[in-house]
Amino acid sequence: MKILLLGKGGQVGWELQRSLGVLGEVTALDFDSAEHCGDFSNPQGVAQTVRALRPDVIVNAAAHTAVDKAESEPEFARTLNAVTPGLIAEEAARLGAWLVHYSTDYVFDGSGERPWLESDVTGPLSVYGRTKLEGEELIRQSGARHLILRTSWVFAARGGNFARTMLRLAQERDRLTVINDQFGAPTGADLLADVTAHAIRHLWAHPQDAGLYHCVADGMTTWFDYAKFVIDQAREIKPGLPIKAAEIAPVPTTAFPTPATRPRNSRLDTAKLRSTFGLTLPDWRHGVRRMLTEIL
Ligand code: NDP
């Protein structure tokens, strides 16, 4: 199997370099790769890369993920999150290749209390959410055989994420305030990468299972409880860690105005993924504790 991995240096891209290695020959590119264009701000360049390499499977982990910045550069975000993935999908359709792509809980409006299903109506609240949704739609319209995994609150030992930010702030400040009215599941980039590899193998034998799936770790939390968990675990894993934060206080979303509106309810229902691919998704705490053990 010839695999083209795009966005190899991101949280998920880095883990995919590991998990895809057992499936076949992987060509992994970033935006500044020299030999082939992996720069999503150059849609035609990336399309040319697909034509030149003729992969069996394309895995796209590149994206414009700076949610607040996207509000002030919507066209750039649209190029990275929708236009280029759409062109990749057209090339994949021509080649008969598979396209694996990642999307987000931000395609929903965050209303209600129950986990969102793949069949639920979308309603993005931000440029990031709208451009990611358009990316999904262009992939579907292309006719390419595809797997789209919608996920949420991604963390990894590498790269910037909420858990690592909390760990740093807890060592710098006496008191932290953290949002307590948004609900979701922190999901490890390593879990996403492992699920991706299993799903590709499954789809190779069962192409009728192509489509859209929700993929998040099991369980649910708020940013506040997540932050508390990270700091408690850090204290346990590394008792000598100089944590200053004596108090972590819960606050509402309104306490932290941001350019991009976040969904309040980011819960994603994973029943379709688990039953189709025969997978178990471990509780989010396992992955977070493992990541902390690795970085501390
Ligand atoms: P990261 O931001 O860690 O990785 C994104 C990658 O895209 C980075 O390697 C980044 O490079 C790269 N990139 C940025 N600009 C370009 C460009 N012009 N051309 C090519 N590559 C570029 O994101 P994640 O790994 O966390 O996200 C993976 C997927 O999961 C994305 O589709 C994202 O939308 C989705 N997702 C992520 C969530 C999260 O919480 N992070 C939540 C839900 C979904 P560089 O780092 O050098 O800028």
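We count ligands from 1, going down the list as the structure has it; atoms in each ligand are counted the same way.
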Heavy-atom neighbours of W14 CH2 exceed 12 at 6.0 Å: no
D225 backbone acceptor or donor facing T222 side chain under 3.5 Å: yes
Atoms of ligand 1 close to S41 [distance to a heavy atom under 4.0 angstrom, numbered from 1]: 18 (N)
Non-hydrogen atom of G159 closer than 4.0 Å to ligand 1: no
Top protein contact for atom 26 (O) of ligand 1, by heavy-atom distance: Q11 NE2, 3.0 Å
For D39, atoms of ligand 1 separated by under 4.0 Å from a heavy atom: 17 (C), 18 (N), 19 (N)
Heavy atom of protein inside 4.0 Å of atom 44 (C) of ligand 1, strictly below: yes
Check: R264 side chain, G112 main-chain N or O, donor-acceptor pair, under 3.5 Å: yes
Exceeds 12 heavy-atom contacts within 6.0 angstrom, atom CZ of R18: yes
Residues, nucleotides or ligands: over 12 heavy atoms within 6.0 Å of E247 CD: yes
Test item: protein heavy atom less than 4.0 Å from atom 47 (O) of ligand 1: yes
Pairing of R130 and E134 as salt bridge, 4.0 angstrom limit: no
Any protein heavy atom nearer than 4.0 Å to atom 4 (O) of ligand 1: yes
Nearest non-hydrogen protein atom, atom 11 (O) of ligand 1: F31 CD2, 4.2 Å
Atom 16 (C) of ligand 1: the protein heavy-atom neighbour that sits closest, reported with distance to 0.1 Å: L80 CD2, 3.9 Å
Main-chain N/O of Q11 paired to E15 side chain as donor or acceptor, under 3.5 Å: no
Ligand 1 contact on Y106 by region, counting heavy-atom pairs under 4.0 Å: neither
Check: D194 side chain, L191 main-chain N or O, donor-acceptor pair, under 3.5 Å: no
Distance-only N or O hit between ligand 1 and G10, under 3.5 Å: yes
Top protein contact for atom 19 (N) of ligand 1, by heavy-atom distance: F40 N, 2.8 Å
Protein contact of atom 21 (N) of ligand 1 - nearest heavy atom, named by residue and atom, plus distance: A62 CB, 3.5 Å
Per-atom contacts of ligand 1 with W153, taking only distances under 4.0 Å to non-hydrogen atoms: 40 (O), 42 (C)
Check: S19 side chain, A197 main-chain N or O, donor-acceptor pair, under 3.5 Å: no
Short N or O distance, Y128 and ligand 1, threshold 3.5 Å exclusive: yes
Ligand 1 versus V154: contacting region, heavy-atom distance under 4.0 Å: both
From the candidates S152, G13, A61, G160, the one that places a heavy atom nearest atom 6 (C) of ligand 1: A61
Residues E118, R150: salt bridge by 4.0 Å N-O rule: no
For V12, the ligand 1 atoms whose distance to one of its heavy atoms is below 4.0 Å: 25 (O), 28 (C)
Atom indices of ligand 1, in the order listed, that fall short of 4.0 Å to a heavy atom of T151: 43 (C), 44 (C)
Which residue and heavy atom of the protein sit nearest atom 23 (O) of ligand 1, plus the separation: T65 CG2, 3.5 Å
Spatial distance of atom CG (L281) from atom NE2 (H286) [nearest 0.5 Å]: 12.0 Å
Sub-4.0 Å atoms of ligand 1 with respect to non-hydrogen atoms of G38: 19 (N), 20 (C)
Location of contacts on N60 toward ligand 1, heavy atoms closer than 4.0 Å: neither
V230 side chain reached by F162 side chain, heavy atoms, under 4.5 Å: no
Protein heavy atom at shortest distance from atom 14 (C) of ligand 1: A63 O, 3.7 Å
Atoms in ligand 1 with a heavy atom of Y102 nearer than 4.0 Å: 29 (C), 30 (O), 32 (O)
Residues T131, N81; criterion side chain to side chain donor-acceptor pair (under 3.5 Å); working and verdict: CA-CA 6 Å; T131 57; N81 290 341; 3.1 Å; yes
Any donor-acceptor N/O pair, T270 side chain to H214 backbone, under 3.5 Å: no
Under-4.0 Å heavy-atom contact with ligand 1, by part of S103 that carries it: backbone
Residue that, paired with P55, satisfies side-chain contact (heavy atoms from CB on, under 4.5 Å) out of I3, T27, V50: V50
F76 N/O to ligand 1 N/O under 3.5 Å: no
K132 neighbourhood, listing ligand 1 atoms whose heavy-atom distance to it stays under 4.0 Å: 31 (C), 32 (O), 33 (C), 34 (O)
Salt bridge (Lys or Arg N to Asp or Glu O under 4.0 Å) between D218 and R274, worked out: CA-CA 11 Å; D218 201 26; R274 286 182 284 114; 5.8 Å; no
